[in-house]
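In what follows, a structure is listed as structure tokens, so that the remarks can point back to it.
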Amino acid sequence: MTFLDALNPAQRRAVEFFEPRPLVVVAGPGTGKTRVLSHKIAYLIKEKGVAPKEILAITFTNFAANEMRDRIESLVQESPLCTTFHAWAYTLIREVLGEEAPFIIDELDALALFKEAIKLSGLKSAGSARQLFKEIGLIRQSYPPKRSEDWGKRSLFLFYQALLSRHRVVDFDELMLLALSLLKDESLLKTIRKRWPHVLVDEFQDVNGVQVALLERLSPKYLTLIGDPDQSIYAFRGSDPRALERFVSTHPDAEVITLETAYRCHGEVLGCAASLLSDKSASKKALKAEKGHGPKVEIRGFPGPREEARWIARTIESLTGALSFEAINFSGNVPTEDGAFSLGDVAILTRTRSSVNAIKEALSRAGIPFLETYGHTLAQDRCLRSFIRLISISRGENPAFHKRRLEEEAHMGPNEIDECLRAISKGELKEVLRKIGGDPEDALYRAFLKQVTTTNITGAMPLELGSDVDLLGVRLDAVHLMTIHGAKGLEFPVVFIPRCESGMIPIEGGDEEEERRLFYVAITRAVTRLYITYSSASGGKSPFLERFPEGLYLEEFIKSKKKAPRRPKGPRQGSLF
DNA sequence: GTGGAGAAGATTTTT
DNA sequence: TCTTCTCCAC
């Protein structure tokens with residue numbers, strides 16, 4: 001009896017594959033992707049005598065890296081380097097360039113510099129700076145490097161790069177490009193290859209061109225790529241659903257293992273999900289629901305978003321047994337299943353952040369606690385941003401750049417900055433925070449102050465700042481509100497997908513295939529219950545729902561019992577008040 | 001440099 | 001519909 005006995009045959013083959021050629025694992029939703037990765041690493045250490053320091057596990061997010069580390073440590077006591085592409089690249093850069101290494105700036109600072117570049121170049125920009133920056137970003141994330149045909153854009157980008165190097169900073173994209181160019185040095189490459197003969201990459205469908213190039217350059221002796229092309233939902237930041245396919249076609253020696261048993265979702269959910277995939281997709285027929293059948297997917301239509309939101313709130317009350325007085329008087333058709341789930345089991349997934357407003361209002365009214373977990377990074381808070389700059393200056397991390405940004409962004413004078421710096425050196429952090437307009441008693445700032453004083457955030461601040469949710473360590477029994485993108489990699493016993501209307505899912509102007517994959521990801525988060533709702537007032541039922549196979553879902557249109565509210569204006573978004 | 005008015009945008013997100 | 005930027009007057 002070993003730890004490998006817990007694996008199914010395909011998982012086990014992937015774990016035990018030990019040959020000096022690439023292994024590609026195609027892992028659909030709920031097929032045990034993280035399980036395979038963590039067991040594979042444990043297997044290398046335990047059974048193959050590989051030293052943990054010879055293993056490099058690369059993920060996309062800090063969250064995933066931490067999860068991976070925990071999973072491995074529960075199997076073997078030691079753990080290898082589990083890191084993100086960006087953090088790994090920066091470590092490499094520091095190792096090679098030492099004190100000469102540039103500092104990392106985040107997206108907001110990058111955009112500010114880009115705007116400066118627009119001014120310097122004197123070019124009349126077509127479109128907004130933001131849009132242009134995004135466009136150039138996509139070019140920089142592709143590899144081999146695409147060249148913009150537009151002469152103006154090219155020279156604009158040269159101005160931007162000049163600004164970056166003048167300030168000795170790199171943005172996240174340049175960070176990857178710099179690492180790639182450093183690895184052109186053969187002796188360095190040799191050292192790195194020797195150091196990590198085993199490299200494992202999670203969520204390979206999310207890599208961008210430069211990251212693929214980096215891996216190709218590295219070409220470790222033992223490479224494992226794991227991913228699912230059907231869950232590729234980051235084309236807007238340079239990833240390509242065909243990355244796995246392309247890798248396999250350029251590496252004919254690669255072993256491909258497809259995990260076909262899905263443990264998370266039952267047959268009804270998987271059947272509806274499969275209807276969204278293109279016929280070429282491997283998962284379309286392959287995925288088998290280990291659980292067999294379960295409840296049907298429920299589709300509900302409403303006259304407007306408010307009725308929809310109210311119904312969702314009532315249904316949550318009913319599912320969790322959190323019945324309020326109001327609920328008892330509610331006349332809508334709500335499933336009765338008192339107390340089968342806890343509030344934390346429930347997730348509401350939306351395409352955009354703003355489309356959740358009506359639901360927030362309905363939940364508040366019903367007294368249902370909820371937690372919004374959007375990828376809201378700390379550094380988006382104006383005041384915290386200035387505070388972080390002051391801390392950076394006091395640590396000698398890119399002081400000139402941050403001083404300049406403080407003057408331009410927060411309109412602080414040199415004297416004011418010096419005053420704050422003196423206060424920091426005396427340890428009066430709260431005073432400083434107050435001075436720049438923050439409230440040190442605010443929970444977010446308190447948590448941040450604690451982090452600053454207890455941990456030593458080094459050079460790569462933008463890499464290490466998490467979200468406010470991470471920082472506050474919120475663990476509440478509350479309904480989760482998040483975007484579909486944010487829910488990737490997670491699962492919930494009960495999932496609601498509201499506003500499933502054309503124009504929203506798929507979103508207007510979006511790429512149909514990518515929107516289908518996105519909806520596929522949303523649906524496959526559901527472990528037990530899946531409710532998909534729409535309102536006819538805004539856009540009407542999503543065309544994606546028409547694809548669902550007969551017999552796997554129940555559909556009902558719920559008319560308001562009250563007089564239909566007068567709504568002469570067309571589509572409307574619910575607002576909070 | 002501050003403040004108000006008016007215009008221009010506007011998915012999705014991690015590092 | 002709400003937010004953010006820009007420009008102009010003070």
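So that the names make sense, note that chain A is the first sequence line, chain B the second, and so on, each numbered from 1. When reading the values below, keep in mind they use all heavy atoms of this one structure, side chains included, and skip hydrogens, waters and symmetry mates. Please read all numbers here as calculations on a predicted model, not as lab measurements.
For the pair His485(A) NE2 and dT15(B) P, the interatomic distance rounds to 15 Å; values are reported in whole Å. Following rounding to the nearest Å, Trp88(A) (CH2) and dT14(B) (C1') show an atom-to-atom distance of 18 Å. In this structure, Leu175(A) atom CG and dT14(B) atom P are separated by 17 Å, rounded to whole Å. dT14(B) atom C1' lies 9 Å from atom CZ of Phe60(A), rounded to whole Å. Taking atom CG on Asp106(A) and atom P on dT14(B), their separation rounds to 13 Å, with Å as the unit. Taking atom CD1 on Ile105(A) and atom P on dT15(B), their separation rounds to 17 Å, with Å as the unit. The CG atom of Leu349(A) sits 14 Å away from the P atom of dT12(B) (whole-angstrom rounding). Rounded to a whole Å, the CG atom of Leu108(A) is 11 Å from the P atom of dT4(C).
Ring orientation note: the planes of Phe519(A) and Phe548(A) are close to parallel, at an angle under 30° on the 30°/60° scale. Between Tyr160(A) and Phe133(A), the two ring planes are perpendicular [angle over 60°; tilted spans 30° to 60°].
Looking at which nucleotide of DNA chain B each of Gly510(A) and Asp173(A) is closest to, the 5′-most match is held by Gly510(A). The nearest heavy atom of DNA chain B to Ile507(A) and to Thr84(A) marks one nucleotide each, and the one closer to the 5' end goes with Ile507(A).
Using a 4.0 Å heavy-atom criterion, one finds that Arg351(A) contacts the bases of the nucleic acid, with or without backbone contacts as well. When heavy atoms are screened at a 4.0 angstrom cut-off, Phe172(A) is found touching base atoms of the nucleic acid. Backbone-only contact: Tyr234(A) has heavy atoms under 4.0 Å from sugar-phosphate atoms and none from a base. Looking at heavy-atom distances under 4.0 Å, Lys134(A) makes contact with a base.
Distances shorter than 4.0 Å separate some side-chain N or O of Thr483(A) from OP1 or OP2 on dT13(B). When the side-chain nitrogen and oxygen atoms of Asn62(A) are compared with OP1 and OP2 of dT14(B), none of them lie within a distance under 4.0 Å. Phosphate contact (OP1/OP2 of dT13(B), side-chain N/O of Arg353(A), threshold under 4.0 Å): present.
Stacking here means ring centres nearer than 5.5 Å and ring planes tilted less than 30 degrees, and by that measure Phe236(A) stacks onto dT12(B).
At a threshold of 4.0 Å, the pair Glu408(A)-Lys403(A) does not count as salt-bridged, since none of the basic side-chain nitrogens sits closer than that to a carboxylate oxygen.
The listed nucleotides are dC5(C), dT11(B), dT15(B); the one nearest the side chain of Lys115(A) is dC5(C).
Partner Arg517(A) forms a side chain to side chain donor-acceptor pair (under 3.5 Å) with one of Glu513(A), Glu515(A), Glu514(A) and no other, that one being Glu514(A).
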Show, in sequence, the C-alpha distance, side-chain angles and deciding distance for His402(A) and Phe103(A), and conclude whether the ring pair (Phe, Tyr, Trp, His ring centres under 6.0 Å) test is met. CA-CA 11 Å; His402(A) 286 303; Phe103(A) 293 97; 8.0 Å; no

